[in-house]
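Along the sequence shown, residues are numbered consecutively beginning with 1. Values below: every heavy atom of this structure, side chains too, minus hydrogens, waters and symmetry copies.
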Amino acid sequence: MRKIILIVHTSIDGFVAGKRGEFDDFNPSPENLDFICSLTDEADAALMGRVSYQMLESFWPDARNKPDASKSEIKYSNWYNDAQKIVISNSMIEKDLHNTKIINGNIADKILQLKKQEGKSILMFGGPTTFQLLNELNLIDEFWVIVYPVMFGQGIPFSPSAMSLKRLKVLTTKQLSNGEIAINYKSSSQ
């Protein structure tokens with residue numbers, strides 16, 4: 001069965017973005033995208049909510065064509081273009097979307113069907129709403145939490161305060177050069 005692996009970037013105090021959804025205060029290491037690309041080697045699909053999809057779609061399809069694109073940007077852009085995009089949304093429609101499937105209604109059943117299909121892992125990029133939904137449904141198999149050495153004090157939190165207890169097992173960690181720590185967890189319910 002395919003795994004769903006959440007990738008989330010967060011501040012030490014648990015915020016995934018600033019008050020207005022900005023990421024400016026994260027300071028990724030030069031090898032940060034290399035690390036993410038290493039995760040794409042074992043995945044062939046990206047799962048996300050509408051907001052994350054629109055954000056990723058606004059940059060990554062053409063990033064490989066920029067004259068100053070790094071090797072990692074080219075690699076990630078190529079992966080993103082080839083990967084099946086799965087978007088959880090009640091407002092989007094599947095019209096003229098390249099390699100994109102929209103899911104709404106019976107989300108648990110539809111995600112379980114996707115997990116049972118042949119293929120590699122599904123990388124989940126998404127905001128707190130998508131995370132909360134799939135986490136409560138126990139559909140996330142692994143977590144890669146990349147913690148940045150910054151405290152926002154306020155912003156968009158990684159998880160809501162009304163979340164059920166979930167025990168995780170640490171599989172591995174990786175230190176990046178600007179102080180980020182990538183921690184790989186496995187859900188104990190999987």
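Closest heavy-atom contact between Phe131 and Ser159: CE2-CB, 3.7 Å. The shortest non-hydrogen separation linking Cys37 to Thr40 is O-OG1, 2.6 Å. Pro128 approaches Pro157 most closely through the heavy-atom pair CG-O, 3.0 Å. Of all the heavy atoms in Glu180 and Ile146, the pair that sits closest is CB-CG2, 3.9 Å. For the residue pair Tyr148 and Ile12, the shortest heavy atom distance occurs at O-CG1, 3.3 Å. The two residues Leu134 and Ile107 come nearest to each other via the heavy atoms CD2-CG2, 4.2 Å.
Taking CG of Leu33 as the reference point, atom CG of Leu176 lies at 11.5 Å (rounded to 0.5 Å). Distance check, rounded to the nearest 0.5 Å: NZ of Lys101 to NZ of Lys85 gives 14.5 Å. Atom OG of Ser121 is separated from atom CG of Leu47 by 12.0 Å, given to the nearest 0.5 angstrom. Once rounded to the nearest 0.5 Å, the distance linking CG of Asn178 with CG of Asn27 reads 4.5 Å. One finds the CD1 atom of Ile88 at 10.5 Å from the OG1 atom of Thr129 (value rounded to the nearest 0.5 Å). Note that CD1 of Ile103 is 4.0 Å distant from CD1 of Ile111, once rounded to the nearest 0.5 Å.
In the hydrophobic clustering of this structure, Leu171 does not group with Ile181; members are Ile, Leu, Val, Met, Phe, Trp, Tyr whose side-chain heavy atoms approach within less than 4.5 Å, directly or through other members.
Using a 4.5 Å heavy-atom cutoff, the side chains of Leu139 and Leu112 are in contact. Taking 4.5 Å as the limit, some side-chain heavy atom of Lys75 sits within range of a side-chain heavy atom of Asp41.
Side-chain polar atoms of Asn138 and Lys166 form a donor-acceptor pair below 3.5 angstrom.
Among residue pairs with one or both ends in residues 60-69, those qualifying as side chain to side chain donor-acceptor pair (under 3.5 Å) are Arg64-Asn78; sequence neighbours excluded.
Thr100 places a side-chain N or O within donor-acceptor distance of the main-chain N or O of His98, the cut-off being under 3.5 Å.
Aromatic ring orientation, Tyr76 versus Trp79: tilted (interplanar angle from 30° to 60°).
Cation-pi geometry between Lys19 and Phe152 is not satisfied (NZ or CZ under 6.0 Å from the ring centre, within 45° of the ring normal).
Screening Ile7, Ile5, Asn135 for a side-chain contact (heavy atoms from CB on, under 4.5 Å) involving Phe143 leaves a single residue, Asn135. Considering Lys3, Lys115, Lys169 as possible partners of Asp141, the one that fulfils the salt bridge (charged side-chain N to carboxylate O under 4.0 Å, His left out) test is Lys115.
Heavy atoms from other residues, nucleotides or ligands lying under 6.0 Å from CD of Glu42 number 12 at most.
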